[in-house]
Structure formats: C-alpha cells, structure tokens
> 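Structure incoming, see below.
Letters A, B, ... are given to chains in the order of the sequence lines, protein chains preceding strands, and every chain is numbered from 1. This is a predicted model, so every value here is computed, not measured.
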Amino acid sequence: MRTRVKQALQAQKPQNGLVLKGWVRTKRESKGVVFLELNDGSCRGNLQIVADSSMICAEGFEGINTGAAVLAEGDLVPSPGRGQKWELKAGSIQVLGYADPKPYPLQKKRHSDEFLRSIAHLRPRTNKYGAMNRIRSELSFAVHHYFRDHGFNYIHSPIITGSDCEGAGEMFLVTALDLEQPAVRKKPVDFALDFFGKKAHLTVSGQLPAESLACALGDVYTFGPVFRAENSNTPKHAAEFWMVEPEMAFADLDEIMDMSQDLVQSLTRHIMNNCSEDMELFTRFVDQSLEERLERVSSRPFERISYSMVLEVLQKSKKNFEFPLEWGLDLQTEHERYLCEEYFQGPVMVYNYPLELKPFYMRVNDDQTTAAAMDVLLPRVGEIIGGSQREERLEVLDHRIREAGLDPEEYWWYRDLRRYGSVPHAGFGLGFERLLMFITGASNIRDVIPFPRTPNALEF
RNA sequence: UCCCCGGUAGCUCAAUCGGCAGAGCGGGUGGCUGUUAACCACUAGGUUGGCGGUUCAAGUCCGUCCCGGGGAGCCA
C-alpha cells in the first residue's frame, strides 16, 4: 500500500515500513549519505528520503537524478536536520523511471513562465504549476458545491451547436466534410451534405439551452468548455476556456447581481480556507498583496453603478482617456480599469447598458433605451462576469431578433419558451480561468490552464 | 489584427563606438559522515531565431520572415 507524501508529512508519530512513490526534485550527496527530495503531487511539500550511499540498490544511485520516478521503502522518523519534521530512512530504493539529467529541462531552480509554457507537459511537476492545478481542481469542486448547496441542477449543454449566432464572437466550424474537395470544385460548400445536414459550430456559450432547462427545473447551471475563434492575442483570452453559467427562472437583474457577488466571494473564500499551503506560494512568489486583496474582495460588498452613472464618474475624473466618453459607446479597458482600480478600488458591477450594445436576448428596460445587463469587473483581470435578465416577452424578442438582422424562424424553439408559460428569468457567465487568475494572481491565462489553446498554439 | 519591446550555451542574462562570444545556475568528473537552491575543485558545452544585404570586419547596422512578451481591439 502506497503512502502519499501528504500523509507522511502530516504524521503524528514515527511509522515503520512505509512505501512511497514519486518524482525526485533534488538529490544532495555527501560522502556516505544521499538525500532525495520526493514529490508525488499530493501536496506542495516534498518528503526527504535519506539513504546510505553503500545501501544496496538494484539500480545504483547514478540513475537517480532530478526528474526520476522512484519507489522508496523505509521508516518514517523525526528528521535531525533543519527544514523538515519528518524524513524517510530508506531501507531500499528502486528506480521506476529514469530521467536523463542532460536533456531533462526542469532544473532545481526558478524557471520563467514563458519557458515553462514551452514544456507544458512537464510544468505540472514544478511547485508553482502543481499548486496551480490543485487549486484549479479545488475551485471546480467549489463551483459544484456552491450550486448544489443553493438547490441548482447541474445541466450538460451541448458542445456542438447548430445556431449561427449564440451571442458573441467568431465560432469554430465543425464539419465531417472533406474540405479539400469542395475547394477544388470551387463551388460554395453545401452544408446540407454535411454530418448534421446543416452548418455546425463549437458552442460559445451554454446559455440558450440553459434557459430551456431553467424554464423547467427552475435553477440550473452549466460548467464546461466553450470556444471562441477570435484572433485575440492577449493574456486574458483563450480559444478554449471553461465557463460557469447559472440560469434562474423567476429571477431579475438584481437577483443575479446579488448572486454574482455571493458566488465570487464564496469561491474565493473557499480557496483561501482550503488551499492555504498552495496559496502561500502565490502570495510569496507571484503577488505579495494577494492575500490582502482576496481578503478585502471576499468580505466587502461590490460597488453597483449604472452605465449612465459610470459616464458621469469618468467625465468628472478629468482623466485624459484615449477613447471618447459618449452615451451609447462601449466602455473601454482604460475606463473599466480606472473605475475598478482607482475610483472604487475594488470589484464593480456595471448595469443597464445601452440597448444597441447588447445582444437580442437581453431584456429591454422600461426606458426603452437600456438593456437589463450587468458586468462584474475585478481589479487586474477586468470583466469576469457578464449577464442579463432575459427578454421574456415574445413580441419584444422578435423585434430585437429582426433588428439584429437575424431570422426569428431560426430561433423557433428559443421563441417557444416565450410562447408557452414564459417567465422572467436571468443568468450570467463566469469566466472560470479569469477567476483563477484573480485568485492566484497569475497574470496570463495561459498559466492557469494545463494546455492552453490560443491562436497559433496547439502543440500539446 | 494593430502598436511597442525582445530572441546570445540546457535555463537566466552580459558583451562599451561595428573589432578575439562571457558569467551564474544546470550537466559531467573528482572530493567532502546529515544535506536544505548543500559546499570545494576541475571540465564539456555556441550556425548569437531563419534568410538576404552594407562593411576590411556584424551578436551589434539595414531589409524581410518566424517565435516570445507587453499594450490595444473583441470578450469571459
């Protein structure tokens, strides 16, 4: 039976005859003694393995280097040396997998994030990315935990979609056609001959299916990958990312604003409470002000301000913004950053955006000029949530669809939800990676996903 | 996609005005009775991102392409 490093480090008393398996982080050798730091991914810490140089080892110690996988059998005893409470006095050591130290790229020193991205298959073996992936796992569970506690049903929305326009962004085409052939014939491609008998794409959002389920089950959420084919080259965009999308029947804009805040705060607090060892690494090496900021964000209410009021604040700021401030124009990054990082110095919810800036499914407010939409902005990462109350009135929805230059017939089933027992409902999308960036202080989205997909990057 | 910066040993970087391409770490070898990013000594390691140009001479200047980073747009 294999003992995890995590268990061994938490031991209350010495134990004999333990077997540990893991990867060697460093080897220190002296005349008669060899020290190995063993990590098995169960936690951030390593277990020190102490072995006599003369100890009979089937493979010999020459083969044991940084990166090698080993099995160590022995007794867990209090460590006489400084720096660790326990160590394993090895009775025997076996090499499970060699790692030739010459080409092995990970050294026992700090590597740049840029270099580690080029060896994404090995970077989880570093302290930082081991911690990152454990936190990512814990955050995923926390999402499910939160919604389960609040009576939500977890639903699976499709990844392949037949709808051309799900709201925003360029979409990836999904096809079973041989794209070489139609190109040679120089004919327009006939997607009626394709697998689904129509054009298909990877989804950009699970919202539309979620509305259907919400209007049956009440409170639902999706949590899965979504895809954007935008040629975005920034530290905050990926072509494939995970989104959390709650959708609530009988809810209005205020309710999802309440919930957005509660969700972000609960998830942040969950990680602070349950991943303290891994989080300590990020506070120490990535962002010294991390702990203080998370503490503040998770305990104070978020500011709420309408789009119109935002314009007033920005105009009064006397700041020299590059982009114009005029009612009807979208807020730019410089505006959001000023609002979030200077004016309020904390999370901000902006609501009631001009109607023409928002997609057809967002509810038209009584003023007929704004949509019941809201964005949550966080310091450093910017927009983390976008949501809205949905348009539940069929005639208004149809008008908005046509206004957008779309065909209502294409949305026949979505419109049916408004024909039969339509109710007010609302929801939002939370960018999972952006939340992870906020929580860990990571400044590039490529560092919070094990194998990030971005333009021109599909090596792994 | 646009703007700015960068690409030199496995990694992180230096190289003055255009004048012999270097250091630390990592690797190898040897030493050291318990190390903690161990320590000491020795040692190997280079098409300076690719192609073209200017020059007696290019890591350095010019053109172009590729790659990376930052900012912007789009968004979560």
> Just how far is it from atom OH of A/Tyr414 to atom CG of A/Leu208, taken to the nearest 0.5 Å?
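With rounding to 0.5 Å, OH (A/Tyr414) is 5.0 Å from CG (A/Leu208).
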
> Take atom C1' in B/G70 and the same atom in B/C39, then report the distance between them in whole Å.
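That atom pair is separated by 40 Å.
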
> From CG of A/Asn65 over to P of B/G27, roughly how many Å is that when rounded to an integer?
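Checked: the CG to P distance equals 8 Å.
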
> Could you check which of B/U1, B/A76, B/A38 has an atom nearest any side-chain atom of A/Thr26?
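Shortest atom-to-atom distance from the side chain points to B/A38.
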
> Could you give the NZ-to-P distance, from A/Lys27 to B/C32, as a whole number of Å?
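Computing the A/Lys27:NZ to B/C32:P distance gives 16 Å.
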
> Could you please spell out the steps behind the side chain to side chain donor-acceptor pair (under 3.5 Å) verdict for A/Glu211 and A/His425?
CA-CA 8 Å; A/Glu211 284 189 48; A/His425 59 290; 2.7 Å; yes

> Provide the distance between the two P atoms, one in B/G26 and one in B/C40, to the nearest whole Å.
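To the nearest whole Å, 11 Å.
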
> Checking side chain to side chain donor-acceptor pair (under 3.5 Å) between A/Tyr221 and each of A/His144, A/Glu245, A/His150, which is the one that passes?
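Testing each of A/His144, A/Glu245, A/His150 against A/Tyr221, the sole residue satisfying side chain to side chain donor-acceptor pair (under 3.5 Å) is A/His144.
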
> Below 3.5 Å is the cut-off: list the nitrogen or oxygen pairs between protein and nucleotides 64-67 of chain B, distance only.
none

> Please classify the nucleic acid contact of A/Gln48 as base, sugar-phosphate, or nothing, using heavy-atom distances under 4.0 Å.
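Since a base atom lies under 4.0 Å of A/Gln48, the category is base.
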
> What nucleic acid atoms does A/Asn444 come within less than 4.0 Å of, heavy atoms only: base, sugar-phosphate, or nothing?
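Result for A/Asn444 = sugar-phosphate.
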
> Under 4.0 angstrom, heavy atoms only, what part of the nucleic acid is A/Ile385 near: base, sugar-phosphate, or nothing?
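The residue A/Ile385 makes sugar-phosphate contact but no base contact.
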
> Based on Watson-Crick and G-U pairs with both distances under 3.5 Å, what dot-bracket line describes RNA chain B 5' to 3', crossing pairs as [ ] and inter-strand pairs as |?
(((((((..((((.....[..)))).(((((.......))))).....(((((..]....))))))))))))....

> Calculate the interatomic distance between A/His237 atom NE2 and B/G70 atom C1'; express it in whole Å.
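Value for this atom pair: 15 Å.
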
> Which one, B/G73, B/C74, B/G70, comes nearest to the side chain of A/Pro235?
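Per side-chain heavy atoms of A/Pro235, the pick is B/G70.
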
> Which residues pass the ring-ring contact (aromatic ring centres under 6.0 Å, His included) test with A/His156, not counting sequence neighbours?
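So A/His156 forms a ring-ring contact (aromatic ring centres under 6.0 Å, His included) with A/Tyr154.
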
> Using atom P of each nucleotide, how far apart are B/C4 and B/U64 to the nearest Å?
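Per the computed distance, 12 Å lies between those P atoms.
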
> Please round to the nearest 0.5 Å and tell me the distance separating atom CD1 of A/Ile305 and atom CZ of A/Phe344.
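Between atom CD1 of A/Ile305 and atom CZ of A/Phe344 there are 4.0 Å.
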
> Quick check for you: to the nearest 0.5 Å, what is the distance between A/Glu247 atom CD and A/Cys215 atom SG?
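These two atoms lie 7.5 Å from each other.
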
> How many whole angstroms separate atom CG of A/Leu357 from atom C1' of B/G73?
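Distance check: A/Leu357 CG to B/G73 C1' gives 15 Å.
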
> Among A/Asp40, A/Leu36, A/Leu20, whose side chain to side chain contact (heavy atoms under 4.5 Å, CB included) with A/Leu47 holds?
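For A/Leu47, the side chain to side chain contact (heavy atoms under 4.5 Å, CB included) test succeeds with only one of A/Asp40, A/Leu36, A/Leu20, which is A/Leu20.
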
> Could you work out the separation of B/G68 and B/U12 based on their P atoms and round it to a whole Å?
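It works out to 15 Å between them.
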
> Between B/C32 and B/A41, how far apart are the C1' atoms? Round to whole Å, please.
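Looking at atom C1' only, B/A41 and B/C32 are 11 Å apart.
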
> Tell me which pairs pass salt bridge (charged side-chain N to carboxylate O under 4.0 Å, His left out) where either residue lies in residues 67-88 of chain A, with sequence neighbours left out.
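Counting only pairs at least two positions apart or across chains, no salt bridge (charged side-chain N to carboxylate O under 4.0 Å, His left out) contact touches residues 67-88 of chain A.
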
> Go through the structure and list residues passing ring-ring contact (aromatic ring centres under 6.0 Å, His included) with A/Phe152, not counting sequence neighbours.
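Listed in chain order: A/Phe147.
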
> Please state how far atom NZ in A/Lys89 lies from atom C1' in B/U35, giving the value in whole angstrom units.
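Atom NZ in A/Lys89 sits about 12 Å away from atom C1' in B/U35.
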
> Hey, what do you get for CG (A/Leu331) to OH (A/Tyr353), rounding to the nearest 0.5 Å?
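Reported value, rounded in 0.5 Å steps: 5.0 Å.
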
> Kindly compute the distance separating CZ (A/Arg400) from CG (A/Leu406), expressed to the nearest 0.5 Å.
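Rounded to the nearest 0.5 Å, the CZ-CG separation comes out at 10.5 Å.
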
> For A/Asn365, check side chain to side chain donor-acceptor pair (under 3.5 Å) against everything at least two apart and list the hits.
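Side chain to side chain donor-acceptor pair (under 3.5 Å) list for A/Asn365, sorted by chain: A/Asn352, A/Thr370.
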
> Measure the distance between the ring centre of A/Phe432 and the centre of the six-membered base ring of B/A76, then answer whether it is under 5.5 Å with planes under 30°.
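So no, this residue does not stack on that base, at least one cut-off failing.
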
> Closest to the A/Phe323 side chain: B/C74, B/U36, B/A72?
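The answer is B/A72, which lies nearest to the side chain.
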
> Mind checking what makes side chain to side chain donor-acceptor pair (under 3.5 Å) contact with A/Asp330, not counting sequence neighbours?
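A/Asp330: no side chain to side chain donor-acceptor pair (under 3.5 Å) contacts found.
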
> Are any of the side-chain heavy atoms of A/Leu339 and A/His335 separated by less than 4.5 Å?
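No, side chains not in contact.
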
> Any donor-acceptor pair under 3.5 Å joining the side chain of A/Ser232 to the base of B/C74?
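It does, because a donor-acceptor pair links the side chain of A/Ser232 to the base of B/C74 below 3.5 Å.
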
> Could you tell me how far apart A/Arg284 (CZ) and B/A37 (C1') are, to the nearest whole angstrom?
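The distance from CZ of A/Arg284 to C1' of B/A37 comes to 13 Å, rounded to the nearest Å.
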
> Strictly below 4.0 Å, heavy-atom distances to any atom of RNA chain B: list the hits from residues 72-88 of chain A, or just say none.
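Heavy-atom cutoff 4.0 Å gives A/Ser79, A/Pro80, A/Gly81, A/Arg82, A/Gln84, A/Glu87.
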
> When the C1' atoms of B/U48 and B/A58 are compared, how many Å lie between them, rounded to an integer?
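Each nucleotide's C1' atom is 11 Å from the other's.
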
> Quick check on RNA chain B: between A/Gly32 and A/Ser443, whose nearest nucleotide comes earlier from the 5' end?
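Closest to the 5' end, via its nearest nucleotide, is A/Gly32.
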
> Rounded off to whole Å, could you give me the NZ-to-P distance for the A/Lys31 and B/G30 pair?
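One finds 12 Å between P of B/G30 and NZ of A/Lys31, rounded.
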
> We want to know whether A/Arg4 and A/Gln10 form a side-chain donor-acceptor pair, criterion being a heavy-atom distance below 3.5 angstrom.
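There is no such pair between these side chains.
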
> Heavy atoms within less than 4.0 Å of RNA chain B: which residues of residues 328-337 of chain A have one? Give them sorted by number.
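A/Asp330, A/Gln332, A/Thr333 - these, ordered by number, are the residues of the stretch whose heavy atoms sit under 4.0 Å from the strand.
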
> Under the ring-ring contact (aromatic ring centres under 6.0 Å, His included) rule, collect the residues that match up with A/Phe438, sequence neighbours excluded.
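Here no residue qualifies.
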
> A/Arg28 side chain N/O closer than 4.0 Å to the phosphate oxygens (OP1, OP2) of B/U35?
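No, because none of the side-chain N or O atoms of A/Arg28 sits under 4.0 Å from OP1 or OP2 of B/U35.
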
> Throw together a table of side-chain donor-acceptor distances under 3.5 angstrom for residues 255-262 of chain A, partners on residues two or more places apart or in other chains.
residue: A/Glu255; atom: OE2; partner: A/Asp252; partner atom: N; Å: 3.4
residue: A/Asp258; atom: OD1; partner: A/Arg304; partner atom: NH1; Å: 3.1
residue: A/Asp258; atom: OD1; partner: A/Arg304; partner atom: NH2; Å: 2.7
residue: A/Ser260; atom: OG; partner: A/Ile256; partner atom: O; Å: 2.7
residue: A/Gln261; atom: OE1; partner: A/Phe302; partner atom: N; Å: 3.1
residue: A/Asp262; atom: OD2; partner: A/Tyr146; partner atom: OH; Å: 2.6

> So which of residues 99-119 of chain A are in contact with RNA chain B, with a heavy-atom cut-off of under 4.0 Å?
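Within this stretch, A/Pro101, A/Lys102, A/Gln107, A/Lys108, A/Lys109, A/His111, A/Ser112, A/Glu114, A/Phe115, A/Arg117 sit under 4.0 Å of the strand.
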
> Please report the distance separating the C1' of B/G10 from the corresponding atom of B/G63, rounded so that it comes out in whole Å.
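To the nearest whole Å, 32 Å.
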
> Working to the nearest 0.5 angstrom, can you tell me the gap between A/Ser79 OG and A/Leu88 CG?
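Answer for the OG-CG pair, A/Ser79 versus A/Leu88, is 11.0 Å.
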
> Rounding to an integer number of angstrom, what distance separates B/G59 and B/G46 when you compare their C1' atoms?
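Comparing C1' positions in B/G59 and B/G46 gives a spacing of 11 Å.
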
> Let me know the distance between CZ of A/Phe35 and P of B/C39, rounded to the nearest Å.
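Roughly 14 Å, once rounded to whole Å.
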
